[in-house]
Protein chains: 2
Amino acid sequence: MNNDQLIRITRYYRSLNRLKTIGLEKVFAHNLADAAGVSAAIVRKDFSQLGIHGQKRGGYEIHDLLVSLGEILGKGDSQNCIIIGCGRIGKALMHYNGFEPDGIRIVAGFDSDPLVYSDASHPVPIYPISRIDEVVEALQVTAGIITVPEQAASDSYERLLKAGVMGILNFSPITLKPQATEDGRMPVVHNINIALELEQIFYELKFPKVK
Amino acid sequence: MNNDQLIRITRYYRSLNRLKTIGLEKVFAHNLADAAGVSAAIVRKDFSQLGIHGQKRGGYEIHDLLVSLGEILGKGDSQNCIIIGCGRIGKALMHYNGFEPDGIRIVAGFDSDPLVYSDASHPVPIYPISRIDEVVEALQVTAGIITVPEQAASDSYERLLKAGVMGILNFSPITLKPQATEDGRMPVVHNINIALELEQIFYELKFPKVK
DNA sequence: GAGTTAATGTACACTTTTTCACATAAATAG
DNA sequence: CTATTTATGTGAAAAAGTGTACATTAACTC
């Protein structure tokens with residue numbers, strides 16, 4: 001499966017959940033395409049490639065789709081996540097309640113500052129970064145979110161990999177690159193650079209696409 | 001200029017700034033490719049298309065590149081930004097100091113809660129959402145960051161457009177779609193969905209690319 | 001139950017993006 | 001000064017992705 005397709009599938013999944021809560025039971029490729037911001041042809045092609053079949057003229061059963069896509073996306077597996085760097089952004093993410101519907105759980109935070117990790121007034125326990133290995137093992141952590149300052153990003157990244165956390169969501173302005181670990185595993189890294197996003201927006205405003 | 005290329009250019013710009021602070025003066029397409037995570041051929045092709053020329057065997061002058069790319073990216077223009085929704089994430093972004101090096105300024109926040117907007121202990125003033133039009137005009141705001149709960153996202157979006165803010169960075173889980181305004185202008189919308197990013201990471205971990 | 005309509009499924013054409021390959025120019029070495 | 005090395009610049013090929021068109025099937029209509 002390619003990357004763009006994966007993005008689309010997570011979008012479909014999300015949109016389908018919305019449609020379901022509204023009370024719909026069936027959906028047409030065209031509707032889903034609108035909701036996910038793609039063309040209807042691509043929706044059909046995606047499903048076709050994934051072995052998902054609808055009913056001619058009847059569209060697709062939302063429930064079936066959610067099950068199929070859910071399996072593909074690995075719903076039901078443990079999706080435990082830790083936060084490295086409990087500054088403002090890290091704490092904000094800890095309190096964020098948009099993860100649960102997707103089965104993602106923030107199970108712990110880490111910080112280098114004793115004042116932070118000895119403070120118990122957080123939704124999840126915060127540990128000193130030195131304890132990362134044991135916590136990762138004990139809580140079956142599979143992904144980590146990096147919300148540390150720029151200069152600490154590489155170190156956090158290495159510690160995560162060393163602790164066996166192969167999924168990384170990086171909010172620091174450094175672009176972290178996936179590199180195979182000693183045991184040959186390849187981490188999955190997504191970099192979100194907020195300043196960069198804004199820059200792109202300003203550019204696109206300045207030079208609108210004429211299309 | 002296409003979208004992927006724009007992303008690459010902002011990456012080049014950022015990487016070049018780093019290389020410059022290290023003390024380098026020249027850079028080869030190959031180095032920059034590594035730093036930006038693309039292939040060397042694509043770096044050369046990008047520059048070629050942008051009319052940027054290096055020296056055969058000598059690579060590219062970092063300073064010249066930064067000037068050229070800076071012009072393309074519109075550095076030097078006012079890049080004033082407001083934050084809609086001053087919850088934890090909104091406040092965290094207000095305190096974020098990674099915008100300044102890029103010339104981006106957060107100039108105001110907006111919230112619907114009187115307890116929030118009457119509190120003066122923030123780095124920038126916070127106004128009730130009803131005052132958005134006047135503030136946008138007075139402060140020459142060109143972009144807005146949406147950090148409100150899901151149910152308020154569409155409303156925030158519409159208010160921004162109505163106030164004339166055509167650049168939108170949306171952190172709410174709703175995917176906002178650009179739609180031409182009454183006066184025919186097309187907004188630029190970037191959606192960042194954190195849960196979705198994590199989901200993709202979990203998927204990629206589960207089914208590693210074999211390549 | 002024949003005709004019409006509505007939606008899927010997919011082959012094919014088209015477009016965009018990336019890589020390859022190599023000509024070109026500059027610097028260095030002998 | 002000639003040969004060699006190194007990196008740019010770019011046309012052509014390859015690959016990837018998208019859209020179009022239409023055959024196919026199912027439901028509805030009369």
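Just the heavy atoms: all of them, side chains too, but no hydrogens, waters or symmetry mates, feed the values below. In what follows, chains carry the letters A, B, and so on, assigned in the order in which the sequence lines appear, proteins first and then strands, with residues in each chain numbered from 1.
The distance from atom NZ of B/K45 to atom C1' of D/dA7 is 16 Å, rounded to the nearest whole Å. Protein atom CG of B/D64 is 15 Å distant from nucleotide atom P of D/dT8, rounded to whole Å. The nearest whole Å value for the distance from the CG atom in B/D4 to the P atom in C/dT19 is 12 Å. Counting to the nearest Å, the P atom of D/dT8 and the CG atom of B/L32 are 10 Å from each other. Atom C1' of nucleotide D/dA27 and atom CD of A/Q55 are separated by 11 Å, given to the nearest angstrom. Atoms CZ (A/F28) and P (C/dA6) sit 11 Å apart, rounded to a whole Å. If you take CG of B/D46 and P of D/dG9, they are 12 Å apart, rounded to a whole angstrom. Following rounding to the nearest Å, A/L50 (CG) and C/dG9 (P) show an atom-to-atom distance of 12 Å.
Mapping B/H30 and A/G58 onto DNA chain D via the closest heavy atom, the residue that lands nearer the 5' end is B/H30.
If you check distances only, the side chain of B/R57 never reaches the base of C/dT28 with a donor-acceptor pair under 3.5 Å.
When the nucleotides D/dT24, D/dG9, C/dT10 are ranked by their closest atom to the side chain of B/K56, D/dG9 comes out on top. You'll find that the side chain of A/R44 is closest to D/dA21, out of C/dC20, D/dT8, D/dA21. Listed candidates were D/dG19, C/dA25, C/dT8. Nearest to the side chain of A/I42 is D/dG19. For A/S39, the listed nucleotide lying nearest its side chain is D/dG19; candidates were C/dT17, D/dT10, D/dG19.
At a threshold of 4.5 Å between non-hydrogen side-chain atoms, the residues A/E25 and A/I62 do not count as touching.
Atom CD1 of residue A/I82 and atom CD1 of residue A/I132 lie 4.0 Å apart, to the nearest 0.5 angstrom. Considering OG1 of A/T142 and CZ of B/F202, their distance stands at 4.0 Å, rounded to 0.5 Å.
One finds no side-chain N or O of B/N2 lying less than 4.0 angstrom from the OP1 or OP2 phosphate oxygen of C/dT16.
Atom NZ of A/K177 has more than 12 neighbouring heavy atoms from other residues, nucleotides or ligands inside a 6.0 Å radius. Within a 6.0 Å sphere centred on NE2 of B/H122, heavy atoms belonging to other residues, nucleotides or ligands number more than 12.
Residue-level contact check: B/Q5 touches neither bases nor backbone, having no heavy atom under 4.0 Å from any strand. Contact annotation for A/Y60: backbone-only contact, meaning every heavy-atom pair under 4.0 Å involves sugar-phosphate atoms and none involves a base. Within the nucleic acid shown, A/A40 has no heavy atom closer than 4.0 Å to any nucleic acid atom.
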